[in-house]
Student: 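Sharing a structure here in structure tokens format.
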Amino acid sequence: MVAARWNCFSFQLVFAISFIFSIAEVCNGGRTSSFVRNSDLSRDMPLDSDVFRVPPGYNAPQQVHITQGDHLGNAVIVSWVTPDEPGSNSVFYWAENSELKNSAQGIVLTYKYFNYTSGFIHHCTVRDLEFDTKYYYEVGIGNSSRRFWFVTPPAIGPDVPYTFGLIGDLGQTHDSNSTLTHYELNPAKGQTLLFLGDLSYADAYPFHDNARWDTWGRFIERNAAYQPWIWTAGNHEIDVVPAIREAIPFKPYTHRYHVPYTASGSTSPLWYSIKRASTYIIVLSSYSAYGTSTPQYKWLERELPKVNRTETPWLIVLMHSPFYNSYVHHYMEGESMRVMFEPWFVEYKVDVVFAGHVHAYERSVSSHPLF
Ligand SMILES: [Fe+2]
């Protein structure tokens with residue numbers, strides 16, 4: 001059995017920790033950070049902040065971000081927004097040491113939310129990538145095209161070291177910027193970010209001003225264009241406001257953040273699984289039905305027996321609302337899902353469950369699982 005060495009770094013209004021998988025280490029719970037957060041709430045960064053800057057050039061791609069594009073890790077979904085017209089759906093990509101430029105064709109979509117109309121949102125799945133390889137990619141046309149890069153994970157296997165970062169409840173305040181910078185500068189060098197829900201907090205604005213989804217996309221691009229962010233939906237993604245006839249749950253989120261849910265037999269982008277290096281990661285939705293015979297329940301019931309611990313010894317679950325929380329805020333909100341799913345987590349020996357929602361850090365340690 002592979003054991004873990006935990007490196008916990010610091011906790012801000014939103015927390016960011018990284019952890020390292022390594023072999024043949026004794027499990028060590030680590031140390032609590034000495035960080036004490038400011039008692040004042042951090043304000044959203046103003047619209048003219050440099051982190052929200054629109055890239056130069058006509059119709060230049062913005063809000064570029066990537067996520068895993070299949071179940072095994074040799075595909076990537078590249079997403080971006082063009083503001084003026086649809087432009088090209090193509091992604092050009094090539095391995096670092098290759099002359100051969102490949103291209104993949106994606107889709108473009110738009111959506112309306114009350115009095116807001118989105119830009120042209122592109123999603124393109126780049127497939128058949130080699131494992132453990134650096135790729136460059138380009139989106140956009142001519143002078144407005146933009147180039148980024150990513151590194152694919154190593155092939156799935158039990159003894160494959162890999163470093164994940166964790167961020168939840170990020171938002172776009174000045175503290176959000178510190179959190180992302182903290183992650184970027186962390187010497188552990190996270191290779192993939194597990195995002196635990198609550199992305200932009202656009203719903204804090206009148207009529208859920210979706211322009212704040214755009215600023216958030218531009219804010220995170222500096223990291224999310226270069227390494228996959230694995231998405232989990234939170235309560236700030238629900239965006240249902242019957243008074244303005246917005247009745248479709250998760251509308252902005254599901255248009256903007258695509259995930260490879262069909263690859264794990266899921267019928268919804270809100271719950272799905274991926275394998276990456278030595279991990280099997282299951283993403284659940286705290287704000288979708290999970291009672292007996294619901295699609296999420298049935299999917300998870302079929303999913304857990306599929307995990308081959310010889311191949312992926314680490315079984316990780318992501319969700320937004322925690323099963324255990326001793327704070328006043330959001331106390332016991334995860335209780336009904338805990339009643340439904342915790343017995344399975346114990347039976348299938350889930351290693352660790354990561355949740356967000358409560359803007360403070362705590363963990364509980366037991367033999368199985370770690371919450
Ligand atoms: Fe939340």
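In this text, all values refer to a predicted model and were calculated from it rather than measured experimentally.
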Student: Do the ring planes of Tyr226 and Phe148 sit parallel (below 30°), tilted (30 to 60°) or perpendicular (above 60°)?
Tutor: perpendicular
Student: Please check this pair: side chain of Gln296 against backbone of Leu284, looking for a donor-acceptor N/O pair closer than 3.5 Å.
Tutor: no
Student: Ignoring hydrogens and angles, state whether a donor on the side chain of Thr215 or Gln172 is under 3.5 Å from an acceptor on the partner side chain.
Tutor: yes
Student: With the side chain counted from C-beta on, respond yes when Leu109 and His123 share a heavy-atom pair under 4.5 Å apart, and no when they do not.
Tutor: yes
Student: Testing Thr125, Val78, Ile77 one by one against Val91 for a side-chain contact (heavy atoms from CB on, under 4.5 Å), which residue passes?
Tutor: Val78
Student: Side chain to side chain contact (heavy atoms under 4.5 Å, CB included) for Leu300 and Phe345? Distances and angles first, verdict last.
Tutor: CA-CA 10 Å; Leu300 185 59; Phe345 292 179; 4.3 Å; yes
Student: I want to check something: taking the side chain as every heavy atom from C-beta on, are Tyr287 and Pro249 in contact at a cut-off of under 4.5 Å?
Tutor: no
Student: Within the side chain of Arg146, is there an N or O that forms a donor-acceptor pair under 3.5 Å with the backbone of Ala60?
Tutor: no
Student: Determine the minimum heavy-atom distance between Leu100 and Trp94, stating which atoms define it.
Tutor: O-CB, 3.2 Å
Student: Spell out, as yes or no, whether a donor-acceptor pair under 3.5 Å connects the side chain of Thr152 to the backbone of Thr133.
Tutor: yes
Student: Among Glu138, His122, Gln105, find the residue that satisfies the side chain to side chain donor-acceptor pair (under 3.5 Å) test when tested with Ser90.
Tutor: Gln105
Student: Please give me the minimum heavy-atom distance between Arg276 and Gly73, naming the atom from each residue.
Tutor: NH1-CA, 4.4 Å
Student: Heavy-atom distance under 4.5 Å between the side chains of Ile244 and His208, does that happen here?
Tutor: no
Student: When you measure from the side chain of Tyr113 to the backbone of Asp239, do you find a donor-acceptor pair of N or O atoms at a distance under 3.5 Å?
Tutor: yes
Student: If you count every heavy atom of other residues, nucleotides or ligands that lies below 6.0 Å from Asn115 atom CG, does the total exceed 12?
Tutor: yes
Student: Can you find a heavy atom in the side chain of Val259 that is under 4.5 Å from one in the side chain of Gln68?
Tutor: no
Student: Does a sphere of radius 6.0 Å around OH in Tyr58 hold more than 12 heavy atoms from other residues, nucleotides or ligands, not counting ones at 6.0 Å or beyond?
Tutor: yes
Student: Could you check whether Tyr201 and Asp44, counting side-chain N and O atoms only, form a donor-acceptor pair closer than 3.5 Å?
Tutor: no
Student: For Lys112, does its backbone N or O pair with a side-chain atom of Lys251 as donor and acceptor, under 3.5 Å?
Tutor: yes
Student: Parallel, tilted or perpendicular: which one describes the rings of Phe195 and Trp216, with boundaries at 30° and 60°?
Tutor: perpendicular
Student: Between Ser176 and Thr179, does any side-chain donor sit less than 3.5 Å from a side-chain acceptor?
Tutor: no
Student: Distance-only, no hydrogens or angles: does the Asp198 side chain make a donor-acceptor pair with backbone N or O of Asn235 under 3.5 Å?
Tutor: yes
Student: Same hydrophobic cluster for Trp80 and Ile141, using side-chain heavy-atom links shorter than 4.5 Å among ILVMFWY?
Tutor: no
Student: Taking C-beta and beyond as the side chain, do Val54 and Pro83 meet within less than 4.5 Å on heavy atoms?
Tutor: no
Student: Check step by step if side chain to side chain contact (heavy atoms under 4.5 Å, CB included) holds for Tyr111 and Ile121.
Tutor: CA-CA 9 Å; Tyr111 74 93; Ile121 303 170; 3.8 Å; yes
Student: Check the side chains of Tyr162 and Thr192 for a donor-acceptor pair under 3.5 angstrom, ignoring hydrogens and angles.
Tutor: yes
Student: Do side-chain atoms of Thr67 reach the backbone of Trp229 as a donor and acceptor pair under 3.5 angstrom?
Tutor: yes
Student: Which class fits the ring pair Tyr253 and Trp213: parallel under 30°, tilted 30 to 60°, perpendicular over 60°?
Tutor: tilted
Student: Take atom CD in Glu347; do more than 12 heavy atoms of anything else shown fall under 6.0 Å from it?
Tutor: yes
Student: How about NZ on Lys101, more than 12 heavy atoms from neighbouring residues, nucleotides or ligands closer than 6.0 Å, or not?
Tutor: yes
Student: Hey, mind stepping through Arg218 and Glu221 against salt bridge (charged side-chain N to carboxylate O under 4.0 Å, His left out) and telling me if it holds?
Tutor: CA-CA 5 Å; Arg218 296 200 292 272; Glu221 182 193 88; over 6 Å; no
Student: Determine the interplanar angle of the Trp231 and His65 rings, folded into 0 to 90°, and report it as parallel if under 30°, tilted if 30 to 60°, perpendicular if over 60°.
Tutor: perpendicular
Student: Between Tyr135 and Asn102, does a side chain to side chain donor-acceptor pair (under 3.5 Å) hold up when you go through it step by step?
Tutor: CA-CA 11 Å; Tyr135 285 89; Asn102 302 291; over 6 Å; no
Student: Give the intermediate values and the outcome of side chain to side chain contact (heavy atoms under 4.5 Å, CB included) for residues Phe219 and Phe52.
Tutor: CA-CA 5 Å; Phe219 163 50; Phe52 298 146; 3.8 Å; yes
Student: What's the shortest heavy-atom distance between Ala355 and Leu196, and which atoms?
Tutor: O-CD1, 3.6 Å
Student: Between Ser144 and Gly140, is there a donor-acceptor pair closer than 3.5 Å when you use the side chain of the first and the backbone of the second?
Tutor: no
Student: Would you confirm whether Ser145, through its side chain, and Gly142, through its main-chain N or O, come within 3.5 Å as a donor-acceptor pair?
Tutor: yes
Student: So, do Glu362 and Ser326 sit near enough that their side-chain heavy atoms are less than 4.5 Å apart?
Tutor: yes
Student: So Val317 and Tyr348, do their side chains get closer than 4.5 Å, heavy atoms only?
Tutor: no
Student: Please confirm whether the backbone N or O of Asn59 pairs with a side-chain atom of Asp84, one donor and one acceptor, at under 3.5 Å?
Tutor: yes
Student: Does this structure show an ion pair linking Glu301 with Lys298, if we count only N-O contacts that are shorter than 4.0 Å?
Tutor: no
Student: For a quick test of reading the model, state the closest non-hydrogen atom pair linking Ile156 to Leu72 and the distance between them.
Tutor: CD1-O, 3.4 Å
Student: Taking the side chain as every heavy atom from C-beta outward, state whether Leu180 and Arg222 have any atom pair closer than 4.5 Å.
Tutor: yes
